[in-house]
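To keep things clear, I will list the structure first and then write my remarks on it.
All chains are named by letter (A, B, ...) in the order of the sequence lines, taking the proteins before the strands, and each is independently numbered beginning at 1. Keep in mind that what you see is a predicted model, and the values were worked out from it rather than measured.
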Number of protein chains: 2
Amino acid sequence: MSTHRASISDLAAQLNLSVSTISRALSDHASISDATKRRVWDLARQLNYQPNQLAAALRKGRSNTLGVIVPHIDGHFFALVLKGIENGANQAGFNVMICQSNENAVHEKKNLETLLNAQVEGILVSLSLTTKDVRHFEDVRRRDLPLVFFDRILESPEVSAVVLDDYQGAYQAMKHLIGQGCTRIAHIGGPQHLNICKNRYRAYVDALRDHDLPYDPTLVHFCDLTLPEGHEAMEVLLRQNPGLDAVFSANDLAVAGAMQVLRAAGRRIPEDVALAGFSNELFTLLTEPHLTTVDQRCEEMGRTAVRLLLDMVAEQPRRLAPRQIVLQPELLVRGSSQRRLPE
Amino acid sequence: MSTHRASISDLAAQLNLSVSTISRALSDHASISDATKRRVWDLARQLNYQPNQLAAALRKGRSNTLGVIVPHIDGHFFALVLKGIENGANQAGFNVMICQSNENAVHEKKNLETLLNAQVEGILVSLSLTTKDVRHFEDVRRRDLPLVFFDRILESPEVSAVVLDDYQGAYQAMKHLIGQGCTRIAHIGGPQHLNICKNRYRAYVDALRDHDLPYDPTLVHFCDLTLPEGHEAMEVLLRQNPGLDAVFSANDLAVAGAMQVLRAAGRRIPEDVALAGFSNELFTLLTEPHLTTVDQRCEEMGRTAVRLLLDMVAEQPRRLAPRQIVLQPELLVRGSSQRRLPE
DNA sequence: CGCGGCAGTGCAACCGTTTGCACTGTCCGA
DNA sequence: TCGGACAGTGCAAACGGTTGCACTGCCGCG
């Protein structure tokens with residue numbers, strides 16, 4: 001058994017046909033007789049013929065490959081989005097090349113070049129935190145290559161993007177807490193230069209106002225939303241407001257930290273203090289009681305982004321207007337906030 | 001600005017040189033004069049020339065791409081391994097194509113074909129749970145294509161593989177528990193057809209024997225290691241052995257479940273019952289006390305596997321003997337098992 | 001003066017597939 | 001009987017690089 005893969009010309013030689021006939025037969029072209037097609041197909045199976053995608057890609061100018069750039073691949077969120085992307089692309093017969101920028105703009109630029117050299121047909125990007133200068137994406141535009149941002153997007157009406165409606169998700173969480181009878185609701189917020197954190201904070205403010213609850217600055221604490229910072233935030237908030245009766249946090253990790261502090265301070269959850277987080281991390285089901293949170297539709301975001309990209313790829317004269325898709329999050333009410341039985 | 005990418009022949013035309021000279025100049029070939037090289041490089045930069053990897057790959061028969069097949073991409077473990085793989089490959093100038101088998105052998109086979117058609121230069125695989133028949137990997141062997149398994153491997157001396165020494169990790173955890181003075185140690189084990197689970201159980205048995213502790217079948221419970229099954233396992237074990245003083249679980253999720261049950265039963269942790277898990281999941285730092293666990297060196301596994309694969313790719317006459325690399329895990333002692341102060 | 005060697009460049013084949021066009025033969029209608 | 005339509009096939013040029021070999025000068029040495 002040789003190490004040589006059967007090529008189209010091997011088939012041609014064995015059947016006394018030309019390579020063009022083989023090529024057409026394999027792609028079921030109309031102008032090839034059924035008899036010939038059958039002969040070709042039979043031999044192809046027999047020799048275990050597998051087309052060389054590279055050659056086809058080169059000739060057709062279509063690589064059947066999509067590129068993805070994410071800040072990092074570990075962590076719940078991006079992993080799930082990638083899962084959605086990968087599955088969606090595969091179903092459409094596309095391969096996926098994944099690059100990590102490691103939250104580094106220089107890396108991101110290099111990734112972009114790599115993908116362009118690999119002749120991908122379209123690119124999905126979630127920006128790195130350090131990306132300020134976005135000139136490297138100009139290249140993509142100039143080549144008329146479909147480009148879709150997701151989650152961490154370039155804020156511009158000229159680009160296509162898929163994002164979650166963070167504001168809505170946060171607003172729903174707040175509405176739920178208020179509905180449980182909470183009136184002194186604290187907020188643990190994230191870095192306000194991130195639009196996701198900004199939107200969650202905005203929703204907090206707006207929800208209070210819409211329900212005629214006063215805004216109290218001592219009930220709000222901003223931090224980096226890690227576990228220890230969640231601890232610290234809760235300690236500060238509790239000191240300033242011993243009477244608070246709920247906490248809405250911009251992520252799950254911080255609220256998990258807050259929960260530990262509250263427990264240590266003898267507060268019952270949810271009877272004394274109701275809790276709600278954001279992201280639907282796995283561990284929200286590991287705390288006791290389980291944490292109320294907002295699901296970010298990660299996999300759906302991936303599927304949606306890739307579908308949008310594939311639409312753009314298919315559109316021949318590339319005149320599709322840029323589209324922005326906003327996904328609706330889902331509030332998951334669990335024990336940490338459920339003080340009244342649902343009626 | 002045209003949509004056309006500058007090609008090597010564009011450079012040739014503009015400089016009145018042949019394409020071969022351009023090609024050689026770009027790759028810094030010795031037989032091209034420095035003056036010419038400089039002219040070529042200058043123009044290349046000016047036109048923003050980017051080589052077409054596809055064409056080069058086709059001609060050279062080297063795609064500069066590696067393929068990876070994982071059971072799934074979400075979840076802590078594989079995400080981290082992939083991170084290691086991706087970084088290692090990129091540093092060596094290789095692209096990575098990632099496929100998910102979704103724990104499905106049929107999918108896995110299809111993934112393999114996809115990667116072969118894409119002309120990858122080597123393949124990394126972690127087997128799906130449902131893979132019993134491994135004939136599809138024969139193709140890879142016949143083509144003389146480098147193949148490295150990791151974590152969930154094909155048990156055969158003829159394949160290259162990277163695995164964790166699960167036995168050692170489990171043994172260390174057991175030794176630690178025994179060192180804390182525990183004598184009635186329960187084990188929550190996983191499916192015994194998985195070698196990782198089998199090895200962890202073996203270590204449990206051996207550690208008891210080596211420390212002159214009796215093996216008691218009522219202290220052992222096998223299940224699928226989910227959170228609810230962890231609950232159930234703990235309930236059963238506690239009923240059968242109210243006096244148990246430690247639990248070693250084959251993963252972290254199950255021990256988290258066990259912890260909740262123990263807490264509900266009024267047991268103090270670690271004073272009454274010491275706990276140890278396996279995998280160093282993120283949430284092990286979210287429980288109170290934090291969970292003692294065994295780190296699996298995920299990223300290192302990825303880096304190691306890709307390095308091994310690249311060695312095989314580089315080896316020209318493919319006569320490298322298959323190598324099996326075993327990584328040493330690291331026991332992380334935390335609150336859930338620390339009954340005595342370290343001396 | 002002739003010849004070998006070397007530096008620098010070009011020619012052309014090749015990788016495996018696709019595709020516009022030309023070609024052959026057959027059959028049918030006028 | 002002839003022309004044209006049509007089905008079925010082949011030729012050859014792409015796609016964008018890489019590479020073995022041939023070629024052209026020029027220089028130095030015997």
Side-chain angles (χ1 to χ4, degrees), chain A residues 2-41 43-44 47-65 93 116-121 143, chain B residues 2-41 43-44 47-65 93 113 116-121 143 316:
Chain A
S2 104
T3 183
H4 175 70
R5 293 186 68 172
S7 81
I8 227 172
S9 57
D10 296 330
L11 300 194
Q14 290 202 36
L15 293 177
N16 265 323
L17 287 170
S18 69
V19 288
S20 29
T21 301
I22 305 294
S23 172
R24 284 192 261 257
L26 288 172
S27 54
D28 205 7
H29 194 285
S31 72
I32 301 291
S33 73
D34 287 351
T36 304
K37 282 183 190 168
R38 227 179 312 278
R39 288 209 303 148
V40 172
W41 292 341
L43 186 63
L47 297 188
N48 190 24
Y49 167 77
Q50 299 283 120
N52 184 329
Q53 269 203 29
L54 251 48
L58 176 60
R59 172 60 228 241
K60 294 200 282 195
R62 306 199 34 202
S63 62
N64 256 264
T65 302
L116 290 176
N117 292 357
Q119 311 293 117
V120 296
E121 293 191 50
R143 295 227 181 100
Chain B
S2 103
T3 182
H4 175 72
R5 295 184 69 173
S7 81
I8 223 172
S9 58
D10 295 332
L11 300 194
Q14 289 203 35
L15 292 177
N16 265 323
L17 288 171
S18 69
V19 288
S20 29
T21 301
I22 305 294
S23 171
R24 284 192 258 259
L26 289 172
S27 53
D28 205 9
H29 194 284
S31 72
I32 301 292
S33 73
D34 287 352
T36 305
K37 282 183 191 169
R38 227 181 312 278
R39 288 210 300 149
V40 172
W41 293 340
L43 186 62
L47 297 187
N48 189 24
Y49 166 78
Q50 300 283 121
N52 183 331
Q53 269 203 28
L54 252 47
L58 178 60
R59 172 61 227 242
K60 294 201 281 193
R62 308 200 32 205
S63 62
N64 256 263
T65 301
E113 271 176 21
L116 289 176
N117 292 358
Q119 311 294 116
V120 296
E121 292 191 52
R143 295 224 182 104
Q316 247 330 316

Taking atom [atom2] of [N] as reference, at what distance in whole Å does atom [atom1] of [X] sit?
{"X": "A:Arg62", "N": "C:dG16", "atom1": "CZ", "atom2": "P", "answer": "22 Å"}
{"X": "B:Leu54", "N": "C:dT17", "atom1": "CG", "atom2": "P", "answer": "13 Å"}
{"X": "A:Asp10", "N": "C:dG16", "atom1": "CG", "atom2": "C1'", "answer": "10 Å"}
{"X": "B:Leu26", "N": "D:dG16", "atom1": "CG", "atom2": "P", "answer": "15 Å"}
{"X": "B:Ile8", "N": "D:dT19", "atom1": "CD1", "atom2": "C1'", "answer": "12 Å"}
{"X": "A:Lys60", "N": "C:dG20", "atom1": "NZ", "atom2": "C1'", "answer": "16 Å"}

Q. Under 4.0 Å between a side-chain N or O of B:Ser23 and OP1 or OP2 of D:dG17?
A. no
Q | Contact under 4.0 Å: A:Tyr49 side-chain N or O vs C:dT17 OP1/OP2 | A | yes
Q: Classify every nucleotide of nucleotides 5-14 of chain C by which part a protein heavy atom approaches to under 4.0 Å, writing B for the base, S for the sugar-phosphate alone and - for neither, in 5'-to-3' order.
A: ---BBBBBBB
Would you say [Y] and [X] are linked by a side-chain donor-acceptor pair, where the criterion is simply a distance under 3.5 Å?
{"X": "B:Gln14", "Y": "B:Arg39", "result": "no"}
{"X": "B:Arg143", "Y": "A:Gln50", "result": "no"}
{"X": "A:Ser18", "Y": "A:Thr21", "result": "yes"}
{"X": "B:Thr36", "Y": "B:Ser33", "result": "yes"}
{"X": "A:Ser31", "Y": "A:His29", "result": "yes"}

**Q.** Test side-chain hydrogen bond (donor to acceptor under 3.5 Å, both in side chains) applied to B:Lys60 - qualifying residues, sequence neighbours left out
**A.** none
